[in-house]
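Structure, as structure tokens:
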Amino acid sequence: MIDYTSVLAGTIQAIPPSGIRKFFDLLSGMNDAISLGIGEPDYPTPYHIRDAGIWALEKGYTKYTPNAGLSDLRRAIQTYLKRRFDLNYAWDSQILVTVGGSEGIDLALRVMVEPGDEVIIPTPSFVCYAPLVSMARGVPVQVETKVENNFRLTAQELRAAITPKTKVLLLPYPNNPTGGIMGREELEAVAEVLQGTDIMVLSDEIYAELTYGRHHVSPANLPDLYERTIVVNGFSKAYSMTGWRLGYLCGPKEIIGQAIKLHQYGIMSAPTNSQYAAIEALNEGDNDIAVMREDYDGRRRYLLAGFRRLGLDCFEAEGAFYLFPCIRSTGLTSDEFCARFLQEQRVAVIPGSAFGPGGEGFVRACYAASMHDLSEALHRLEQFLADLKK
Amino acid sequence: MNDKLLALLEQDCTLSTEQLAALCDRSEEEIRAAIEELEEQHVILGYHAAVDWARTDREDVTALIEVQVMPQRGRGFDRVAERIWQFDEVESLYLMSGSYDLACIVTGKTLREVARFVSEHLSALEDVTGTATHFILKRYKDKHVIYETKTVQEEGFVFS
């Protein structure tokens with residue numbers, strides 16, 4: 001009999017299973033549950049974008065594309081990034097189309113990280129970074145950001161985390177789960193700390209289109225950071241295209257060139273059909289984004305006002321589509337809170353502890369849900385909090 | 001703000017004042033005052049539910065009737081339109097450009113009831129010079145609402 005633990009790589013076995021898998025299994029068995037758990041837009045992809053995908057199928061465009069992606073798509077990405085974020089990337093050497101933003105993150109880490117290299121990850125943040133760093137045999141160095149700093153990474157926190165082994169700084173902004181963003185000022189402070197080092201910045205900008213009140217600034221907008229920054233973006237959140245699995249990676253051509261090599265062996269090319277739809281999204285989708293953003297913004301204000309009315313402290317998220325209220329006043333841990341809230345009131349939110357150091361004491365609620373669901377969730381929360389006090 | 005408020009209410013008139021306030025980024029008092037004013041000005045005329053009667057036991061028949069009329073001196077089409085909309089069977093009435101003048105949507109319990117309405121009431125009006133009745137077989141979409149059972153894909157509880 002094979003002892004599989006001796007067959008499996010130590011790196012993958014060392015990665016703990018997702019703590020909230022059980023939670024999702026529980027949730028999927030409940031028909032009347034309201035889920036504010038999954039970070040996914042509640043709209044279907046705008047029809048004109050779906051139609052472009054249908055059109056490509058009708059035309060029989062079902063073969064591989066170039067490894068780096070359709071040239072028309074890369075040109076469209078170049079134009080879009082310039083138009084929306086004043087970012088300069090050449091389509092033929094600095095842009096790679098990937099299978100979701102997640103593949104981009106994985107590729108960027110794997111082409112840079114060597115065994116023992118440290119990757120600084122501000123937390124609370126999305127769950128994939130540390131495991132992907134570990135799989136590249138790097139060492140994740142998690143840096144806890146604070147609600148009193150609006151969950152931004154400060155120069156001081158960054159400086160304290162840097163060692164001679166630091167290879168990459170991950171910047172997950174606009175942030176999932178906190179809704180924090182980094183403004184130009186904070187990025188300038190980061191640039192100052194990194195000056196004179198070879199530390200690279202991997203900027204996960206999947207929520208760049210979803211900021212409220214102010215425009216997203218990329219580290220690559222700063223001349224001092226441009227040459228050391230790799231930008232990850234994608235179509236899932238901006239255009240409600242999660243299931244199309246499409247993202248892109250932009251950066252110095254030396255880095256992108258190596259990432260294409262890895263992508264060509266592991267993936268070959270991103271789904272052809274999705275790429276045709278994505279061209280339509282970039283060229284004709286600005287209005288879709290504007291409408292969704294305004295809609296999310298309204299729901300953000302509604303849920304925020306609701307949490308505060310019920311006595312939960314909550315940071316006013318400036319980006320993405322999550323609120324991250326503090327639940328310490330209930331006396332429960334975030335795990336207990338979420339398990340009981342789901343069992344007793346059938347509402348799913350995610351424990352902050354799942355997002356790394358600094359997340360305990362908070363829960364993540366995704367407000368990309370219908371007003372009806374948000375209203376019902378608040379109603380049930382009120383009941384839940386009242387029951388706790390009994 | 002009013003345009004946004006009206007668009008939201010047109011889409012879902014069950015939204016609470018609190019929800020409308022958050023969506024419009026205004027206070028609840030401002031929302032209440034705005035709605036009251038819009039109702040007084042007859043900008044808001046009513047609040048409706050979108051009902052798919054085809055899913056109930058109620059059997060009814062809807063027809064779109066093209067109506068040609070002789071406009072009256074000084075009153076144009078309005079006088080005859082008013083005489084037509086008085087009938088309870090008339091669900092909607094529009095003045096049209098093109099080959100006929102009024103589009104009249106009529107609902108009745110049976111085909112015979114609609115036919116009787118056309119022959120006895122509508123055609124009997126002296127200003128009506130001709131009608132063409134088209135029965136509606138199926139409603140797919142009305143006022144942006146789709147009248148079809150939604151099918152959903154199998155979704156993954158993906159931690160994202």
Side-chain angles (χ1 to χ4, degrees), chain A residues 18-29 33 35 37-41 44 100-102 126-128 176-177 206 212-213 234 236-237 242-243 245 291 294-306 309 320-322 348 350 354-355 364 366-368 370-372 374-375 378-379, chain B residues 1-35 37-38 43-44 46-52 55 138-160:
Chain A
S18 168
I20 61 168
R21 191 66 253 171
K22 279 189 304 218
F23 190 69
F24 279 146
D25 290 344
L26 192 63
L27 174 65
S28 63
S35 176
I38 297 172
E40 181 166 45
S102 314
F126 182 47
V127 290
C128 81
N176 166 11
I206 194 77
Y212 310 104
S236 294
K237 318 291 179 177
T242 48
R245 306 310 310 126
V291 169
E294 192 181 337
D295 211 9
Y296 289 141
D297 195 12
R299 303 186 213 179
R300 179 184 69 101
R301 286 189 295 260
Y302 176 65
L303 196 59
L304 181 68
R309 177 169 51 78
F321 42 50
Y322 309 101
I350 304 287
F355 300 95
R364 186 190 80 175
C366 174
Y367 52 80
S370 70
M371 280 306 267
H372 178 269
L374 293 179
S375 158
L378 282 171
H379 182 70
Chain B
M1 192 243 323
N2 282 358
D3 281 0
K4 169 129 198 190
L5 179 60
L6 289 168
L8 287 166
L9 284 172
E10 193 181 32
Q11 206 174 41
D12 181 2
C13 61
T14 66
L15 288 171
S16 66
T17 312
E18 190 190 0
Q19 290 174 319
L20 291 166
L23 292 171
C24 296
D25 203 8
R26 290 289 194 282
S27 70
E28 292 185 48
E29 292 69 45
E30 285 173 293
I31 296 292
R32 264 190 287 273
I35 290 178
E37 196 182 329
L38 289 164
V43 177
I44 295 176
Y47 300 90
H48 298 286
V51 178
D52 190 357
R55 287 172 202 276
K138 189 172 178 182
R139 178 160 56 171
Y140 294 104
K141 183 176 180 181
D142 197 15
K143 304 257 181 211
H144 299 283
V145 177
I146 312 265
Y147 284 71
E148 191 188 79
T149 309
K150 250 195 204 165
T151 54
V152 290
Q153 71 159 87
E154 183 191 2
E155 271 183 88
F157 286 99
V158 171
F159 193 11
S160 62

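Every chain is numbered from 1, with letters handed out A, B, ... down the list of sequences.
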Under 3.5 Å, is there a donor-acceptor pair between the side chain of [X] and the main chain of [Y]?
X	Y	answer
B/Lys143	B/Glu10	no
A/Tyr302	A/Asp297	no
A/Arg364	A/Gly37	yes

(request) Would you mind checking which part of B/Glu155 comes under 4.5 Å of any heavy atom in chain A, side chain (CB onward), backbone (N, CA, C, O), both or neither? (result) side chain

(message) At a 4.5 Å cut-off on heavy atoms, which part of B/Leu8 comes close to chain A: side chain, backbone, both, or neither?
(response) neither

(request) Tell me, for A/Ile206 versus chain B, whether the close heavy atoms (under 4.5 Å) come from the side chain, the backbone, both or neither. (result) neither

(message) Please classify the contact of A/Phe355 with chain B as side chain, backbone, both or neither, using a heavy-atom distance under 4.5 Å.
(response) side chain

(message) Quick check: do A/Ile38 and A/Cys366 have side-chain heavy atoms less than 4.5 Å from each other?
(response) no

(message) Among A/His372, A/Arg309, A/Arg299, which residue has the highest count of heavy-atom pairs closer than 4.5 Å to chain B?
(response) A/Arg309

(request) Pick whichever of A/Met371, A/Glu40, A/Arg301 has the most heavy-atom pairs under 4.5 Å with chain B. (result) A/Arg301

(request) Count the heavy atoms of every other residue, nucleotide or ligand shown that sit under 6.0 Å from OH of B/Tyr140, and state whether that count exceeds 12. (result) no

